[in-house]
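Below: the structure, in structure tokens.
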Number of protein chains: 2
Amino acid sequence: MTEKSEELPDEMAINAWARLHRISNIALERVEDRLKKSGLPPLAWYDVLLELRRAKGQGLRLIEIEKRTLLAQYNASRLVDRIVAAGHAEKRKAQEDGRGVLVYLTSSGGRLLDEMWPTYRTAIKEDFADRLTERDIETLFKILAKLLPD
Amino acid sequence: MTEKSEELPDEMAINAWARLHRISNIALERVEDRLKKSGLPPLAWYDVLLELRRAKGQGLRLIEIEKRTLLAQYNASRLVDRIVAAGHAEKRKAQEDGRGVLVYLTSSGGRLLDEMWPTYRTAIKEDFADRLTERDIETLFKILAKLLPD
DNA sequence: TCTAGTTAGATGCATTTGCATGAAAAATCA
DNA sequence: TGATTTTTCATGCAAATGCATCTAACTAGA
């Protein structure tokens with residue numbers, strides 16, 4: 001009579017779930033701490049600037065920034081405004097779509113991205129990569145793939 | 001000359017890192033959405049209430065709540081105040097330590113915890129457990145253990 | 001014991017987030 | 001085409017977070 005229920009997540013799943021989020025939380029907090037100590041902006045800025053660089057001078061629609069960074073619409077809108085106000089990006093009206101805004105990386109923004117990366121990279125290395133084997137990392141990558149949205 | 005650098009995290013590590021945080025972010029957002037749709041408070045409330053229940057009527061020091069939930073000191077302080085204001089917990093002065101506060105779960109808090117769990121549990125099941133094999137879950141658990149703080 | 005230093009918790013103030021809504025342009029459809 | 005719906009982005013207002021600092025109590029050291 002100790003058969004496994006098909007209806008509930010078992011103990012192990014709950015523990016793994018909890019650990020996953022705990023690890024993510026701790027790791028991100030450490031990155032933010034490192035950035036702060038280096039006098040750099042929060043990680044969210046990096047994410048946006050990186051997407052802008054990936055757009056290779058084409059400019060990125062605000063809605064694309066939302067999707068790629070997983071920011072809520074109003075957060076993307078205001079974060080970009082702050083980045084623009086700091087001179088690290090520019091907004092221009094989209095030609096094809098009168099509602100749209102295109103965001104471009106400025107040279108200052110490119111420099112900021114390059115300044116942030118060493119700090120961010122060190123965190124990824126020390127708090128993550130150095131503690132896992134290559135095999136762990138590949139396994140983790142594959143397992144997590146199953147959890148990506150459909 | 002294409003030897004692997006020992007100084008930098010490689011591409012694979014960076015991708016796994018990014019995926020880890022992306023998955024965590026998406027999954028947590030889905031839980032919050034489900035809770036909201038059910039008219040329930042945010043996940044942080046659950047975390048605190050659960051720790052209070054685990055204290056089994058002994059009461060929990062605020063500082064313990066901070067440590068266990070990973071909340072910042074001021075956030076724990078104010079979140080507990082909100083939970084207390086809603087009648088789901090009580091604060092009492094700690095006997096042994098004049099600075100300290102002990103937080104107790106009320107019966108209302110216990111009921112809320114029980115109300116939240118089905119929604120939370122369903123999220124864990126559908127967005128996590130159902131998409132992985134038992135073996136995946138164990139593997140994930142073990143790999144993540146290596147990333148826990150020392 | 002007196003003093004300096006540390007720890008637990010609260011809180012004023014600025015920033016950020018979340019919610020709801022608005023405005024303008026585009027898309028759909030009768 | 002004209003009306004309706006949807007999409008894109010912005011924003012006022014409320015709530016939550018982060019920062020810095022404060023108070024009170026405990027601890028350690030002379």
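To find a chain, count down the sequence lines: A is the first, B the second, and so on, and within it residues start at 1.
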For residues 40-55 of chain B, which side-chain N or O atoms pair as donor and acceptor with protein atoms under 3.5 Å away, sequence neighbours left out?
residue, atom, partner, partner atom, Å
Glu51(B), OE2, Arg54(B), NH1, 3.1
Arg53(B), NH1, Asp114(B), OD1, 3.0
Arg53(B), NH2, Gly110(B), O, 3.2
Arg53(B), NH2, Asp114(B), OD1, 3.3

Requested in this report: Return yes if some donor-acceptor pair links the side-chain N/O of Arg34(B) with the main-chain N/O of Thr119(B) below 3.5 Å, else return no.
Outcome: no
Query raised in the report: Would Asp81(B) and Lys91(B) satisfy salt bridge (charged side-chain N to carboxylate O under 4.0 Å, His left out), going step by step from the backbone distance to the final call?
Result: CA-CA 9 Å; Asp81(B) 280 350; Lys91(B) 292 211 282 192; 2.6 Å; yes
Query raised in the report: With nearest nucleotides of DNA chain C determined for Arg99(B) and Gly98(A) from heavy-atom distances, which residue corresponds to the more 5′ nucleotide?
Result: Arg99(B)
Requested in this report: For DNA chain C, determine which residues of residues 31-70 of chain B have any heavy atom closer than 4.0 angstrom to one of its atoms, and list them numerically.
Outcome: Lys36(B), Arg61(B), Leu62(B), Ile63(B)
Query raised in the report: Does a salt bridge link Lys125(A) with Asp10(B), judged by any charged N lying under 4.0 Å from a carboxylate O?
Result: no
Query - Span of DNA chain C in contact with chain B (heavy atoms, under 4.0 Å) - result: dT7(C) to dC19(C)
Report summary line: One would report the end-axis bend of the helix from dT1(C)-dA30(D) to dA30(C)-dT1(D), five pairs per end and rounded to 10 degrees, as 30°
Requested in this report: Determine, stepwise, if the pair Glu32(B) / Arg30(B) fulfils salt bridge (charged side-chain N to carboxylate O under 4.0 Å, His left out).
Outcome: CA-CA 5 Å; Glu32(B) 299 287 9; Arg30(B) 288 193 181 188; over 6 Å; no
Query raised in the report: Sequence neighbours excluded, which residues qualify as side chain to side chain contact (heavy atoms under 4.5 Å, CB included) partners of Leu102(A)?
Result: Arg61(A), Ala94(A), Glu96(A), Tyr104(A)
Query raised in the report: Is any side-chain heavy atom of Asn15(B) closer than 4.5 Å to a side-chain heavy atom of Ile137(A)?
Result: no
**Report entry** Under-4.0 Å salt bridge between Asp130(B) and Lys146(A)
**Finding:** no
Query - Within residues 72-93 of chain B, residues whose heavy atoms come under 4.0 Å of DNA chain D - result: Tyr74(B), Asn75(B), Arg78(B), Arg82(B)
Query raised in the report: In terms of side-chain geometry, is the basic nitrogen of Glu64(A) or Arg68(A) positioned less than 4.0 Å from the acidic oxygen of its partner?
Result: yes
Query - Donor-acceptor contact present, side-chain Ser77(A) to main-chain Gln73(A), <3.5 Å - result: no
Query raised in the report: Do you see a donor-acceptor pair shorter than 3.5 Å between the side chains of Thr133(B) and Asp136(B)?
Result: yes
Requested in this report: Please check if any side-chain donor atom of His88(B) sits under 3.5 Å from a side-chain acceptor atom of Ser108(B), or the reverse.
Outcome: yes
